[in-house]
Amino acid sequence: MAALGGDGLRLLSVSRPERQPESTALSGPGPGLCCWVSVFSCFSLACSYVGSLYVWKSELPRDHPAVIKRRFTSVLVVSSLSPLCVLLWRELTGIQPGTSLLTLMGFRLEGIFPAALLPLLLTMILFLGPLMQLSMDCPCDLTDGLKVVLAPRSWARCLTDMRWLRNQVIAPLTEELVFRACMLPMLAPCTGLGPAVFTCPLFFGVAHFHHIIEQLRFRQSSVGSIFLSAAFQFSYTAVFGAYTAFLFIRTGHLIGPVLCHSFCNYMGFPAVCAALEHPQKWPLLAGYALGVGLFLLLLQPLTDPKLYGSLPLCVLLERTGASETLLCS
């Protein structure tokens with residue numbers, strides 16, 4: 001996605017006293033120290049999030065309901081405290097965002113409806129091929145499927161399923177809060193928005209390496225297969241993280257990345273190999289190609305900042321003296 005890059009690496013610049021007014025946006029340490037504080041804060045958040053999963057000692061696998069419930073508790077505690085890290089970062093660097101902390105983290109009402117609908121629609125377009133595949137392989141027709149989806153009993157069953165709650169609710173909400181809403185405001189003044197889109201997901205991707213520990217512990221596969229799977233998961237989560245970081249910056253909202261994250265967790269990685277062996281291979285492959293083409297065509301229009309009001313991260317960079325035009329317009 002060429003639209004995600006091109007800003008170049010930028011360090012936070014501090015104007016000389018004679019040129020800067022008293023109502024400064026930056027009154028703390030120099031740019032080098034600011035960047036170190038930002039990177040260390042993000043690293044600490046990532047370690048705290050992953051570490052919270054292992055405060056409970058258990059011989060049970062990660063998908064056991066008891067393990068999931070305990071991890072819900074620790075992850076929710078860390079995620080609830082994560083805004084304090086952004087607050088501490090603000091105090092240490094002296095950066096004044098010019099907006100409230102919650103607004104900077106994507107909790108705001110302005111433009112919330114398009115921010116909830118359009119990014120999800122864009123993601124569903126990208127998954128057009130897998131959605132067609134799911135529809136072709138589903139034994140029920142569209143009417144029966146909608147009845148099942150809309151039935152209160154189906155939702156009640158989902159809400160009592162610990163794995164469903166983890167994959168569709170808790171993981172998307174807490175991961176986007178920590179790895180996007182908290183980290184991007186800290187990284188953007190140091191690197192600029194474009195590089196932050198690609199830097200932030202590295203913390204997200206590395207955070208998923210903890211699955212290696214459990215796979216080795218329970219001998220779920222050979223060592224080579226486990227590390228190969230981890231490398232693939234790192235790549236996939238890093239690309240996905242860059243996409244949701246892009247959505248967060250362009251919309252200024254957290255809700256869009258959370259919904260897209262939940263949807264992608266439900267869909268999983270596209271089963272391209274299965275599509276190549278499908279009886280209706282050519283229509284499916286056409287759907288895959290059409291989905292990717294429409295996604296690239298609609299990426300900029302559906303994330304146009306004019307649809308979502310003022311963008312907090314763009315305001316933050318304006319106050320720190322950085323000029324961001326590509327992602328802010």
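- Taken from OG in S310 to CD in E110, the straight-line distance is 4.5 Å, to the nearest 0.5 Å.
- Residues L126 and Y266 are members of one and the same hydrophobic cluster, defined by side-chain heavy-atom contacts under 4.5 angstrom among Ile, Leu, Val, Met, Phe, Trp and Tyr.
- When all heavy atoms of A274 and Q133 are compared, the pair lying nearest together is CB-NE2, 3.6 Å.
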Let me see the working for L131 and M267 under side-chain contact (heavy atoms from CB on, under 4.5 Å), right down to the final yes or no.
CA-CA 8 Å; L131 286 172; M267 294 298 298; 3.8 Å; yes
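- Between L259 and P119 there is no side-chain heavy-atom pair separated by less than 4.5 Å.
- Distance check, rounded to the nearest 0.5 Å: CZ of R71 to NE2 of H64 gives 12.5 Å.
- Tracing side-chain contacts under 4.5 Å through hydrophobic residues (I, L, V, M, F, W, Y), one reaches L173 starting from F107; they form part of the same cluster.
- Residues L104 and V315 have side chains not in contact (no heavy-atom distance under 4.5 Å, counting atoms from C-beta outward).
- If you chain together hydrophobic residues whose side chains sit under 4.5 Å apart, L128 and L117 never meet in one group.
- In this structure, SG in C273 is found 14.0 Å from NE2 in H278, a value given to the nearest 0.5 Å.
- The shortest non-hydrogen separation linking W56 to S74 is NE1-OG, 3.5 Å.
- Considering only residues two or more places apart in sequence or on other chains, Y288 meets the ring pair (Phe, Tyr, Trp, His ring centres under 6.0 Å) condition with none of them.
- In this structure, R250 and Q300 have side chains that are in contact, with non-hydrogen atoms separated by less than 4.5 Å.
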Would you check, one step at a time, whether the test ring pair (Phe, Tyr, Trp, His ring centres under 6.0 Å) holds for H261 with F240?
CA-CA 8 Å; H261 193 147; F240 173 78; 5.1 Å; yes
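- One hydrophobic cluster, built from ILVMFWY side chains closer than 4.5 Å, holds both Y308 and L121.
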I'd like to know whether L122 forms a side-chain contact (heavy atoms from CB on, under 4.5 Å) with L118, so could you lay out the CA-CA distance, the side-chain angles of the two residues, the decisive distance to 0.1 Å, and finally the verdict.
CA-CA 6 Å; L122 183 65; L118 296 183; over 6 Å; no
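- Atom CD in E318 sits 11.5 Å away from atom CG in L313 (nearest 0.5 Å).
- Checked by atom type, the side-chain pair Y49/T174 shows a donor-acceptor distance below 3.5 Å.
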Let's go through F248 and H253 carefully: what are the C-alpha distance in whole Å and the side-chain angles of both, what is the deciding distance for side-chain contact (heavy atoms from CB on, under 4.5 Å) to 0.1 Å, and is it a yes or a no?
CA-CA 6 Å; F248 181 83; H253 282 271; over 6 Å; no
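- T191 contributes atom OG1, which lies 7.5 Å from atom CG of L193 (distance to the nearest 0.5 angstrom).
- The minimum heavy-atom distance linking V178 with S79 is given by the pair CG2-OG, 3.9 Å.
- For I249 against L311, the heavy-atom pair with the smallest separation is O-CD1, 3.4 Å.
- Partners of F72 according to the ring pair (Phe, Tyr, Trp, His ring centres under 6.0 Å) rule, which considers only residues two or more places apart in sequence or in another chain, do not exist here.
- A side-chain contact (heavy atoms from CB on, under 4.5 Å) with L88 is found for exactly one of V86, L92, L84, namely L92.
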Go through the steps for F127 and F263 under the test ring pair (Phe, Tyr, Trp, His ring centres under 6.0 Å), then give the verdict.
CA-CA 10 Å; F127 277 78; F263 173 77; 5.6 Å; yes
Just do the side-chain hydrogen bond (donor to acceptor under 3.5 Å, both in side chains) check on R108 and T103 with the steps written out, would you?
CA-CA 5 Å; R108 61 196 188 103; T103 299; over 6 Å; no
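- Few gaps surround CG on L276; more than 12 heavy atoms of other groups in view lie less than 6.0 Å from it.
- Note that the CD1 atom of I170 and the CE atom of M162 stand 9.0 Å from one another [nearest 0.5 Å].
- Of the options C42, C182, C34, P189, a side-chain contact (heavy atoms from CB on, under 4.5 Å) to W89 is made by P189 and by none of the others.
- Criterion: ILVMFWY side-chain heavy atoms under 4.5 Å apart, direct or through other members. Under it, L290 and L285 are not part of a common hydrophobic cluster.
- Two residues are said to be in side-chain contact when any heavy atoms from C-beta on lie closer than 4.5 Å; L299 and F246 meet this criterion.
- Looking at every heavy atom in both residues, S52 comes nearest to V78 through CB-CG2, 3.5 Å.
- Tested against R166 for a side-chain contact (heavy atoms from CB on, under 4.5 Å), the candidates V75, V67, D63, N265 yield a single pass: D63.
- S41 and V37 get closest at one heavy-atom pair: OG-O, 2.7 Å.
- Checked against the 6.0 Å centroid threshold, F179 and F203 do not count as a close aromatic pair.
- Around the CZ atom of F43, the shell of radius 6.0 Å holds no more than 12 heavy atoms that belong to other residues, nucleotides or ligands.
- The 12-atom threshold is exceeded at OH of Y236, counting heavy atoms of other residues, nucleotides or ligands nearer than 6.0 Å.
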Do T93 and M186 pass the side-chain contact (heavy atoms from CB on, under 4.5 Å) test, and can you show the C-alpha distance, the side-chain angles, and the key distance before you say yes or no?
CA-CA 10 Å; T93 59; M186 294 190 290; over 6 Å; no
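- Of the two cysteines examined, C328 and C314, the SG atoms meet the criterion of being under 2.5 Å apart.
- Applying the side-chain hydrogen bond (donor to acceptor under 3.5 Å, both in side chains) criterion to T123, with sequence neighbours excluded, gives Y243.
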